[in-house]
2 protein chains.
Amino acid sequence: MPQSSVGLSQATEDYLKAIYGLAGDQERAVQTTDLAGALAISPASVSGMLRRLSKDGLLSHLPYRGVRLTATGRRLALRVVRRHRILECYLTNRLGYDWNAVHAEAERLEHAVSDELVERMALVLGDPPYDPHGAPIPTRDGEIAVPSLIPLAEVPIGTLAELRMVDDKDAERLRYLTSLGLEVGTRFEVVDRQPFDGPVTIGLPGRPPVALGLALARTLGCRIHEPEPRSPPEDSLPAGA
Amino acid sequence: MPQSSVGLSQATEDYLKAIYGLAGDQERAVQTTDLAGALAISPASVSGMLRRLSKDGLLSHLPYRGVRLTATGRRLALRVVRRHRILECYLTNRLGYDWNAVHAEAERLEHAVSDELVERMALVLGDPPYDPHGAPIPTRDGEIAVPSLIPLAEVPIGTLAELRMVDDKDAERLRYLTSLGLEVGTRFEVVDRQPFDGPVTIGLPGRPPVALGLALARTLGCRIHEPEPRSPPEDSLPAGA
DNA sequence: ATCATCTATTAGGCAAGCCTAATTTCGTCA
DNA sequence: TGACGAAATTAGGCTTGCCTAATAGATGAT
């Protein structure tokens, strides 16, 4: 059953990682169907596997109610996430990979690298806090700093913002963002937003404005740089308490 | 069944590599038992697996007579060997691994890295011809230069020689060699050899002579630097034809 | 409250790879 | 030539993970 550095099967690692990813860091319960979707596996198979993982103490499974990682499960999930993200950093920084190509490679390697190797890579890189898509990298001892970002879809018109985080799974989407001149750290201004779930238009310095579909805009994590210049709300000069 | 970059299962890759390793490059037939020993698997299991690999056209299996890789099998085996050895080089050169630690890590990674990644590592390293243990690295297109070396066990007394190749599988042995000051490229002189399968004594510059067991001496591939100074055999000045 | 619907689980199967025990084949030696 | 031991194969079983089809639980609308 073992095969990685720590003795979990690849399937087990994939389940834990997927559950962690779907639950978010506040550990919401995850539905069987959602998990099946994320893993591209039939719900029936997931049910069977969940029974085993539950028996092994990695998660708690209330039948028909979803699953939640146990402390152990969460720790192991974060270990896999750390491996994945350090690998992504290493591949881009040291081996010239594009940010749209690292995910697939890391997806396979994360099950094969030893902790020793991961830590050597982290050391060489100087312990990066974020991966190439802006996702925070869990520390050796399972801490993770969840960045508080705003989806582009919710950034008000007129705001100056910075792209901080993008989902890494869709290579096509990443190539598209690159073609627009958008990468992690890029600053832009939200120029317009069409009502009724229409696209968001942003302006980058020295480029014509671009309209981004709402589905895409929802997946782009942004940091606000400058609140709306017009209509200063209420705390302009007084420091309210 | 697939899982690597090329669609072979890990088990398949392990079988092909082990057969290639046991057969030597001239492709001798390999016995089921030897293969079972190399893979630490029961002979019965190997029999079953060989039937499948044979059906898949990766080897030809004459029952009770042993197996031989087909051209396809050999090509795939060499691909795995290349991955393994490039990985060993990369880990020692770029990530500070000792030569005794790389084998285990490469053994797992060789099943997970893509050809893309292997070639990027090879590029960064400048296409090394040998791995850290002196084994030749197959080229991208399946060529391999088999070095003609002499086992230390057969180097005549009085000869000046150089260690060129060591088996990479036994980390303990590699640590021992390091402790003696022996690594790939080290020059030494064969000082003495006890009769009846006794140890071989070698001298390294600036160190007291060391006696190496015959079993160990048989696994050390050497290049001769200077033929025996005493008793020049027969082809000293005439160039025989 | 009940039914229709969606979600989840169980039932039953399959392929990959491994195991042990039993059997067959090879090869050698008398 | 015949028998014996070593090597190889077959027989039968197990676990992991996946599948489809059938059943059971939860839920929202009437």
Side-chain angles (χ1 to χ4, degrees), chain A residues 1-4 6-19 22-23 28-69 73 76 80 107-108 110-112, chain B residues 1-4 6-19 22-23 28-69 73 76 80 107-108 110-112:
Chain A
M1 87 214 54
Q3 106 177 38
S4 144
V6 69
L8 300 179
S9 73
Q10 175 162 148
T12 298
E13 293 188 341
D14 284 337
Y15 274 78
L16 295 179
K17 190 179 55 148
I19 293 168
L22 289 171
R28 276 193 316 283
V30 170
Q31 310 297 120
T32 300
T33 309
D34 295 345
L35 191 47
L39 293 167
I41 275 174
S42 79
S45 301
V46 170
S47 260
M49 188 65 169
L50 290 182
R51 196 182 323 115
R52 259 178 291 170
L53 295 178
S54 172
K55 177 172 61 65
D56 294 349
L58 301 179
L59 48 82
S60 61
H61 184 199
L62 301 184
Y64 295 98
R65 286 304 172 81
V67 291
R68 228 176 272 270
L69 293 178
L76 294 172
V80 179
E107 196 77 354
R108 271 175 288 111
E110 68 191 5
H111 305 295
Chain B
M1 83 213 58
Q3 109 177 37
S4 145
V6 68
L8 301 179
S9 72
Q10 175 162 147
T12 298
E13 293 189 340
D14 283 337
Y15 274 77
L16 295 179
K17 190 177 55 148
I19 293 168
L22 289 171
R28 277 193 316 283
V30 169
Q31 312 297 121
T32 301
T33 309
D34 295 344
L35 191 48
L39 293 167
I41 275 173
S42 79
S45 301
V46 171
S47 259
M49 188 64 169
L50 290 182
R51 195 180 324 114
R52 257 178 293 168
L53 295 177
S54 171
K55 177 172 60 66
D56 293 349
L58 301 179
L59 48 83
S60 60
H61 183 200
L62 299 185
Y64 296 97
R65 287 304 174 79
V67 291
R68 226 178 274 271
L69 293 177
L76 294 172
V80 179
E107 196 75 355
R108 270 176 290 111
E110 68 190 5
H111 305 295

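Here is how names work: the chains are called A, B, and so on, in the same order as the sequence lines, proteins then strands, and each is numbered from 1.
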OP1 or OP2 of [N] sitting under 4.0 Å from any side-chain N/O of [X]?
X	N	answer
R51(A)	dT10(C)	yes
S42(A)	dC19(D)	yes
S47(A)	dT10(C)	no
R65(B)	dG27(C)	yes

Atom [atom1] of [X] and atom [atom2] of [N]: how far apart are they, to the nearest Å?
X	N	atom1	atom2	value
L53(B)	dC18(C)	CG	P	10 Å
L8(A)	dT16(D)	CG	P	13 Å
L35(A)	dG17(D)	CG	P	14 Å
I41(B)	dC14(D)	CD1	C1'	16 Å
L62(A)	dA26(D)	CG	P	11 Å
R52(B)	dA16(C)	CZ	P	6 Å
L39(B)	dC19(C)	CG	C1'	15 Å
M49(A)	dC19(D)	CE	P	12 Å

Would you indicate which nucleotide in [options] comes nearest to any side-chain atom of [X]?
X	options	value
S45(A)	dC18(D), dA7(D), dT10(D)	dC18(D)
P63(A)	dC18(D), dT9(C), dC18(C)	dT9(C)
Y64(A)	dC26(C), dA24(D), dG17(C)	dA24(D)
A11(B)	dG17(D), dT7(C), dC18(C)	dC18(C)
H61(B)	dT9(D), dA11(C), dC18(D)	dT9(D)

Fill in: Residue pair H111(A) / E13(A): nearest heavy atoms and the distance that separates them
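So the minimum-distance heavy-atom pair works out to ND1-OE1, 2.6 Å.
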Practice prompt. Give a yes or no on whether the backbone of S60(A) and the side-chain of R68(A) come within a donor-acceptor separation of less than 3.5 Å.
Written response: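 No; zero donor-acceptor contacts below 3.5 Å.
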Can you tell me how far the [atom1] atom of [X] sits from the [atom2] atom of [Y], to the nearest 0.5 Å?
X	Y	atom1	atom2	value
L59(A)	L16(A)	CG	CG	7.0 Å
L50(A)	T32(A)	CG	OG1	5.5 Å
L69(A)	L22(A)	CG	CG	10.0 Å

